[in-house]
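Note that the structure is a prediction, hence the values are computed from the model and not measured. Below, chain A is the first sequence line, B the second, and so on; all start at residue 1.
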Protein chains: 2
Amino acid sequence: MQMVPPDFDRMFGALADHTRRDILRRAIDSEEGVAELATHYPMSFAAVQKHIAVLERAGLVTKHQVGRRKVVRSNVEGLRVARRLLGQYEELWRGRIDRMTQLVNEYTREADQ
Amino acid sequence: MQMVPPDFDRMFGALADHTRRDILRRAIDSEEGVAELATHYPMSFAAVQKHIAVLERAGLVTKHQVGRRKVVRSNVEGLRVARRLLGQYEELWRGRIDRMTQLVNEYTREADQ
DNA sequence: ACTTGATACAACCGTATGGTTGTATTTCGA
DNA sequence: TCGAAATACAACCATACGGTTGTATCAAGT
């Protein structure tokens with residue numbers, strides 16, 4: 001299994017569409033084929049097919065042959081990678097707050113003396 | 001302060017660009033004006049301006065007049081909202097795993113009797 | 001008041017994106 | 001083996017996106 005580096009442009013790009021997020025949600029808690037998924041949306045089969053392809057390229061879902069159809073499964077690891085990046089940004093923020101707090105503390109201690 | 005419902009299309013769309021993620025990162029741990037930010041990227045001032053506008057519409061940064069320029073500040077709450085959604089998807093996944101595990105348990109218990 | 005620095009915004013251009021329809025290709029069931 | 005179901009893919013269209021240049025606004029400093 002080849003571990004490609006996460007492509008955040010594709011990941012967030014894939015998540016930036018309501019239909020695709022809904023497909024992802026469905027893929028998370030059930031196993032439907034492309035045609036079944038397509039029935040849920042007011043657009044052509046081919047359009048849904050393309051959305052699934054986008055999610056697949058982003059590493060958020062995979063397709064598996066089951067009988068005569070292909071079942072779409074979510075790839076949680078992809079979600080984790082994306083969430084982790086956002087977490088890092090928030091961590092960066094915390095770090096900055098800490099630095100500021102420390103500066104203020106040093107300053108007030110100096111003023112105390 | 002008016003609390004608008006989060007627009008995930010815009011949020012993830014804003015995050016789906018390397019330059020914008022970098023601007024966000026910079027906005028998180030320093031305070032730079034639009035012009036200063038623009039110096040870091042191999043593109044025109046106007047292009048960077050547009051990227052910042054996208055981040056702003058997505059609720060990920062805000063602009064504040066400071067002296068004669070406008071400083072770009074990150075809005076961590078926006079990041080949190082986005083990360084939380086991803087967390088909910090992962091939670092959904094855990095829920096499904098739990099249901100499957102329980103099914104298996106009930107099945108094997110039945111077989112035990 | 002005038003100049004200058006910093007930002008905003010409009011118009012334009014090429015390419016990507018989200019949708020469509022139509023035509024293969026594959027695989028199961030009779 | 002043949003028909004039909006499920007999927008894939010190409011061609012096309014309208015609109016959005018990321019970039020450009022040019023012009024306008026707006027606040028500071030002299």
Side-chain angles (χ1 to χ4, degrees), chain A residues 6-27 30-75 78 82, chain B residues 6-27 30-75 78 82:
Chain A
D7 182 333
F8 291 112
D9 284 26
R10 280 192 215 278
M11 279 198 176
F12 290 119
L15 290 168
D17 181 283
H18 183 263
T19 303
R20 281 195 295 261
R21 285 195 302 276
D22 198 72
I23 291 174
L24 178 57
R25 188 185 57 72
R26 288 195 130 95
S30 60
E31 297 216 342
E32 296 182 86
V34 183
E36 285 132 294
L37 282 169
T39 64
H40 305 303
Y41 309 99
M43 65 187 72
S44 70
F45 176 81
V48 174
Q49 221 174 208
K50 277 205 206 173
H51 280 308
I52 294 172
V54 170
L55 286 166
E56 201 177 13
R57 273 196 296 273
L60 292 170
V61 306
T62 52
K63 279 185 288 189
H64 302 270
Q65 191 99 26
V66 169
R68 93 168 61 188
R69 74 224 157 97
K70 286 204 176 164
V71 149
V72 178
R73 295 203 192 123
S74 67
N75 175 15
Chain B
D7 182 335
F8 291 113
D9 283 26
R10 280 193 217 279
M11 278 199 176
F12 290 119
L15 290 168
D17 181 284
H18 184 263
T19 303
R20 282 195 294 261
R21 286 195 302 277
D22 198 72
I23 291 175
L24 178 58
R25 188 185 57 71
R26 288 196 131 94
S30 60
E31 297 215 344
E32 296 182 86
V34 183
E36 285 131 295
L37 282 170
T39 63
H40 304 303
Y41 308 100
M43 65 187 71
S44 71
F45 176 81
V48 174
Q49 222 175 209
K50 276 205 206 172
H51 279 308
I52 293 172
V54 170
L55 287 166
E56 202 177 11
R57 274 195 298 272
L60 292 171
V61 306
T62 51
K63 279 185 288 189
H64 302 270
Q65 190 100 25
V66 170
R68 94 169 58 186
R69 70 220 162 102
K70 286 204 176 162
V71 149
V72 178
R73 294 203 193 125
S74 67
N75 175 14

Touch class at under 4.0 angstrom, heavy-atom based, for R69(A) against every strand present: sugar-phosphate

Integer-rounded Å distance: dT20(C) P and Y41(A) OH: 14 Å

Just the table, please: protein N/O against nucleotides 14-18 of chain D N/O, every pair under 3.5 Å.
residue : atom : partner : partner atom : Å
dG18(D) : OP1  : R20(B)  : NH1          : 3.4
dG18(D) : OP1  : R20(B)  : NH2          : 3.0
dG18(D) : OP2  : R20(B)  : NH1          : 3.4

T19(B) side chain near M43(B) side chain, heavy-atom distance below 4.5 Å: yes

Close side-chain approach of Y41(B) and H51(B), heavy atoms under 4.5 Å: no

The single option from I52(A), N75(A), L55(A) passing side chain to side chain contact (heavy atoms under 4.5 Å, CB included) against L60(A): L55(A)

Spacing between E36(B) atom CD and dG5(C) atom P, to the nearest angstrom: 14 Å

For atom NE2 of H64(B) and atom P of dA8(C), their distance in whole Å: 12 Å

Non-neighbouring partners of V54(A) that pass side chain to side chain contact (heavy atoms under 4.5 Å, CB included), sequence neighbours left out: A14(A), R20(A), R57(A)

Nearest-neighbour nucleotide for the S44(B) side chain, dT7(D), dT20(D), dT7(C) considered: dT20(D)

Listed nucleotide nearest any side-chain atom of K63(A), set dT7(D), dA8(D), dA8(C): dA8(D)

Whole-Å gap separating C1' (dA6(D)) and CD (E32(A)): 15 Å

Spacing of Q65(B) atom CD relative to dC26(D) atom P, expressed in whole Å: 11 Å

Length of the CZ-P vector between R68(A) and dC2(D), whole Å: 18 Å

Pairwise 5' ranking along DNA chain C for A35(B) and G67(A), keeping only the more 5' one: A35(B)

K70(B) vs dC26(D): side-chain N/O to OP1/OP2 distance below 4.0 Å: no

Gap between atom NE2 of H64(A) and atom CD of E31(A) - 0.5 Å precision: 8.0 Å

V71(B) vs F45(A), nearer the 5' end of DNA chain C by closest nucleotide: V71(B)

Please list, for nucleotides 22-25 of chain D, all pairs of protein and nucleotide N/O atoms separated by less than 3.5 Å.
none

Sugar-phosphate, base or nothing in reach of A47(A), heavy atoms under 4.0 Å: base

Nearest-0.5 Å distance, CZ of residue R26(A) to CD of residue E32(A): 6.0 Å

Beyond-backbone contact of D9(A) with R21(B), side-chain heavy atoms, under 4.5 angstrom: yes

Nearest-0.5 Å distance that lies between atom CZ in F8(B) and atom CG in D17(A): 14.0 Å

Distance in Å, K63(A) NZ paired with Q49(A) CD, rounded so as to fall on 0.5 Å steps: 7.0 Å

Value in whole Å for how far the C1' atom of dG19(D) lies from NE2 of H18(B): 17 Å

